[in-house]
Amino acid sequence: MATALVTGGTSGIGATFARALAGRGDDLVLVARNSERLRTMATQLSRAYGVQVEVITADLADRTEVERVVSRITESEHPIDLLVNNAGFGIHSLLTNPDTSAHEHALDVMCRAVLILGGAAGRAMRDRGHGAIINVSSTAGFITMGGYSAVKAWVTTYTEGLAVELAGSGVTVTALCPGWVRTEFHQRAGIRTGKIPSLGWVDADVLVRDCLDDVDRGKVISIPTWRYKIAISLARVAPRGIIRAISGRLSASRHS
Ligand SMILES: NC(=O)c1ccc[n+]([C@@H]2O[C@H](COP(=O)([O-])OP(=O)(O)OC[C@H]3O[C@@H](n4cnc5c(N)ncnc54)[C@H](OP(=O)(O)O)[C@@H]3O)[C@@H](O)[C@H]2O)c1
């Protein structure tokens, strides 16, 4: 029997991971800020799938609260076999905004916490000779849409670095790079979605299913659906000037 720890497991992609993992019989540890949503999710999942669900209320922007999650990850009595570093949000702030707090908050939650939790899980899993880490990145990391792209480019590159460091240890590391997924993400960040073509949306269940298959295959970068695989392959070889021009148009269409 395996245990998975999912950050941001109460909504959107994290909640979809939680349901898929419970559905295959994994026990869960869910981490988020809202205790009531955590409790509701835990009750629903344990009733529906008969698995154990622990919850940790923690704000991953807070270094001390991240350490509480580290303590659970490194607990040897009840080991964590899969870490899903998923908690995150969009950034609706220009890079030239004199108030850099939104960007700093994003770095704390989507880079610093990912680094600390990923390192802790990597050490604990390496010592046991098995385990898997999924870092939820984004296709935005392959283009240049402001601070969010920079953060997600870091997540993808960090994942590859950790995968290199843990190669041969029995621990796999995977960056999941979704395109647009219908979750609370856009509303929370004040991002307009009206101009996103229907082909741009990826179903969360398909995303998670394909990602878990990629983890089983030991893939380091998981890009859901053929249309995104092709689009990102093109983006990786296209001149950067073209990528910047497309990114500028996409950014302009999304901000209200
Ligand atoms: N949706 C998309 O189109 C899309 C595309 C590419 C990548 N992603 C990435 O997918 C991940 C999940 O996003 P989502 O779309 O599922 O968004 P979502 O529906 O808004 O869910 C975000 C989750 O993260 C938790 N969270 C946010 N800030 C937190 C903090 N400071 N500490 C602890 N937990 C926190 C939230 O719970 P609380 O509010 O209770 O803390 C919630 O459970 C993010 O990393 C995002 O960048 C999303």
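Remember, it's 1-based here, ligands and their atoms both numbered in the order they're listed.
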Q: Determine, using heavy atoms of R37 and all atoms of ligand 1, whether some pair is separated by less than 4.0 Å.
A: no
Q) Which atoms of ligand 1 are found less than 4.0 Å from any heavy atom of D59? A) 30 (C), 31 (N), 32 (N)
(Q) Pairing donors with acceptors under 3.5 angstrom, does anything connect the side chains of S222 and T174? (A) no
Q) Is there a salt bridge (Lys or Arg N to Asp or Glu O under 4.0 Å) between E36 and R39 once you walk through the steps? A) CA-CA 5 Å; E36 205 177 312; R39 275 196 301 273; 5.2 Å; no
Q. Would you say R182 contacts ligand 1, with heavy atoms under 4.0 Å as the rule?
A. no
Q. Hey, which atoms in ligand 1 end up nearer than 4.0 Å to a heavy atom of L60?
A. 30 (C), 31 (N), 32 (N), 33 (C)
(Q) Could you go through L107 and R112, starting from their C-alpha distance and side-chain angles, then the distance that decides it, and tell me whether this counts as side-chain contact (heavy atoms from CB on, under 4.5 Å)? (A) CA-CA 6 Å; L107 289 167; R112 186 179 64 184; over 6 Å; no
Q.
Give the atom numbers and elements of ligand 1 that come within less than 4.0 Å of a heavy atom of H186.
A. 1 (N), 2 (C), 3 (O)
Q) Looking at atom 20 (O) of ligand 1, what's its closest protein heavy atom, distance included? A) R188 NE, 3.1 Å
(Q) Using a 3.5 Å cut-off on N or O atoms only, is T183 in polar contact with ligand 1? (A) yes
Q. Can you tell which part of A58 has a heavy atom less than 4.0 Å from ligand 1: side chain, backbone, both or neither?
A. backbone
Q: Please assess T183 against R188 for the test side-chain contact (heavy atoms from CB on, under 4.5 Å), listing each intermediate value before the final yes or no.
A: CA-CA 9 Å; T183 66; R188 287 195 200 214; over 6 Å; no
Q) For ligand 1, is any non-hydrogen atom under 4.0 Å from N86's backbone (N, CA, C, O), its side chain (CB onward), both, or neither? A) both
Q.
Does either side chain, that of S101 or that of D99, offer a donor lying less than 3.5 Å from an acceptor on the other one?
A. yes
Q) Does any N or O atom in V109 lie less than 3.5 angstrom from one in ligand 1, N or O only? A) no
Q | Non-hydrogen atom of S137 closer than 4.0 Å to ligand 1 | A | yes
Q: Look at atom 9 (C) of ligand 1 and find which of V202, L207, V136 reaches it with the closest heavy atom.
A: V136
Q) Counting only heavy atoms not in H78, do more than 12 sit closer than 6.0 Å to its NE2 atom? A) no
Q | Distance-only N or O hit between ligand 1 and V181, under 3.5 Å | A | yes
Q: Quick one: name the residues clustered hydrophobically with L234, using the 4.5 Å side-chain heavy-atom rule over I, L, V, M, F, W, Y, and just say none if it's on its own.
A: I230
Q: Nearest heavy atom to atom 16 (O) of ligand 1 wins, so pick from D62, I13, V114.
A: I13
Q. Got more than 12 heavy atoms from elsewhere within 6.0 Å of CZ, R47?
A. no
Q) Nearest heavy atom to atom 22 (C) of ligand 1: which of A87, G12, G88 does it belong to? A) G88
Q: Among all protein heavy atoms, pick out the one at the shortest distance from atom 43 (O) of ligand 1; state its residue, atom name and that distance to 0.1 Å.
A: T10 OG1, 2.7 Å
Q) Out of Y148, W180, W201, who gets a non-hydrogen atom closest to atom 8 (N) of ligand 1? A) Y148
Q) Of E65, E184, R33, which has the heavy atom at the shortest distance from atom 41 (O) of ligand 1? A) R33
Q.
Is it the case that atom CD in E65 sees more than 12 heavy atoms from other parts of the structure closer than 6.0 Å?
A. yes
Q.
Determine whether a donor-acceptor pair (N or O, by modelled atom type, separation under 3.5 Å) exists between the side chain of N86 and the backbone of G8.
A. yes
Q. Which ligand 1 atoms does S11 reach within 4.0 Å, using its non-hydrogen atoms?
A. 16 (O), 18 (P), 19 (O), 21 (O), 42 (C), 43 (O)
Q) What do you reckon, does A204 put a non-hydrogen atom under 4.0 Å from ligand 1? A) no
(Q) When you measure from the heavy atoms of T7 to every atom of ligand 1, does any distance fall below 4.0 Å? (A) no
Q) Can you tell me if R182 uses its side chain to pair, donor with acceptor, with the backbone of A204 under 3.5 Å? A) no
Q | Selection from A32, G9, G8, G179 by shortest heavy-atom distance to atom 4 (C) of ligand 1 | A | G179
Q. Are K152 and ligand 1 in contact, using a heavy-atom cut-off of under 4.0 Å?
A. yes
Q. Do D205 and T16 touch side chain to side chain, with heavy atoms closer than 4.5 Å?
A. yes
Q | Nearest non-hydrogen protein atom, atom 40 (O) of ligand 1 | A | N34 N, 3.0 Å
Q.
Given 3.5 Å as the limit, does a donor-acceptor pair link the side chain of D27 with the main chain of Q52, or not?
A. yes
(Q) I'd like to check V66 versus L117 (side-chain heavy atoms, cut-off strictly below 4.5 Å). Are they in contact? (A) yes
